[in-house]
Amino acid sequence: MTHSSSKSDISCEFCHLLKHDFKFILHQDEEFFVVEDIHPDFELHYQVITKKHIESIASLTKADKSLVERMKAFGESFLINKAKEKSISSLRYGYHVPPYTSIDHLHMHCIGGRQIWSFYMAAFAPVDSVIRKLGELDEGTKPSPSLFLESRL
């Protein structure tokens, strides 16, 4: 499991948040942190972000399947508690597929409730689909972003 990126911590908005603007962090553990989406598309819209800089789901390998499973569990735990506060039951989790990512740092969208914008979430891969497809990869193989494009929200 190797992750390299041409982006430095200084130029990555999420790395900057973690190191300098931690007041925006709503919850965290040793691997992940949660922030509210600054342009929410849904009534509840949060992002679970890896503390380690990983560029995107296209940077992951089969060995990262357990990382994505832990990320899902972390996001579910957070969003379920937020949803209970507002009596929301429809919850979804997933990733935008490159090149449709706004920030090149692995982050999972945790969404629920009514959709605020009518914007279609293009190239959105549900987390369970990502986990399944990572498990099907050959060892050491990185997926092409197109592997995830069949999945839509």
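- By the salt bridge (charged side-chain N to carboxylate O under 4.0 Å, His left out) test, E136 is found to be paired with R132, residues two or more places apart in sequence or in another chain being considered.
- Listed here is the closest heavy atom pair of I88 and G112: CG2-C, 3.9 Å.
- The NE2 atom of H109 sits 14.0 Å away from the OH atom of Y93 when rounded to the nearest 0.5 Å.
- Distance check, rounded to the nearest 0.5 Å: NE2 of H107 to CZ of F33 gives 10.5 Å.
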Exercise. Going through the checks in order, is the side chain to side chain contact (heavy atoms under 4.5 Å, CB included) test met by H27 and F74?
Worked result: CA-CA 10 Å; H27 184 62; F74 182 82; 3.3 Å; yes
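- The closest side-chain heavy-atom distance from L137 to L147 is below 4.5 Å.
- Checked against side-chain hydrogen bond (donor to acceptor under 3.5 Å, both in side chains), K82 has no partners two or more places apart in sequence or in another chain.
- Of the inter-residue distances, the one linking L18 atom CG with K52 atom NZ reads 14.0 Å to the nearest 0.5 angstrom.
- Between E36 and I38 there is no side-chain heavy-atom pair separated by less than 4.5 Å.
- Taken to the nearest 0.5 Å, the CD1 atom of I49 stands 8.0 Å off from the CD1 atom of I25.
- By the salt bridge (charged side-chain N to carboxylate O under 4.0 Å, His left out) test, E43 pairs with no residue at all, sequence neighbours left out.
- The minimum heavy-atom distance between P145 and A58, with the atom names listed, is CG-CB, 3.9 Å.
- Put simply, the side chain of M108 does not reach to within 4.5 Å of the side chain of F32, judged on heavy atoms.
- Nearest heavy atoms, F42 versus G113: CD2-O, 3.8 Å.
- With hydrogens and angles disregarded, no donor-acceptor distance shorter than 3.5 Å links the side chain of K142 to the backbone of L60.
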For this session: Check step by step if side chain to side chain contact (heavy atoms under 4.5 Å, CB included) holds for Y95 and T101.
Result: CA-CA 8 Å; Y95 304 87; T101 52; over 6 Å; no
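- Residue-environment remark: NE2 (H39) stays at or below the threshold of 12 foreign heavy atoms within 6.0 Å.
- Within the model, atoms CG of D41 and CD1 of I116 stand 7.5 Å from one another, a figure rounded to the nearest 0.5 Å.
- Between K72 and D128 there is a side-chain heavy-atom pair separated by less than 4.5 Å.
- Residues D64 and T61 form a side-chain contact, since some pair of their non-hydrogen atoms from C-beta on lies under 4.5 Å apart.
- Using a 4.5 Å cut-off on side-chain heavy atoms (C-beta onward), L44 and L79 make contact.
- Applying the side-chain hydrogen bond (donor to acceptor under 3.5 Å, both in side chains) rule to S56 yields no partners; only residues at least two apart in sequence or on another chain are considered.
- Partners of H105 by side-chain hydrogen bond (donor to acceptor under 3.5 Å, both in side chains), not counting sequence neighbours, listed by chain and number: T50, H53.
- At least one side-chain heavy atom of V48 sits under 4.5 Å from a side-chain heavy atom of C110.
- Atoms CG and CZ, on L17 and F22 in that order, are 11.0 Å from each other to the nearest 0.5 Å.
- Screening residues 20-31 for salt bridge (Lys or Arg N to Asp or Glu O under 4.0 Å) gives E31-R70 as the qualifying pairs, with residues at least two apart or on separate chains.
- Between the side chain of N81 and the backbone N or O of F78 there is no donor-acceptor pair closer than 3.5 Å.
- Across all non-hydrogen atoms, the minimal contact from Y100 to A123 is CD1-CB, 3.2 Å.
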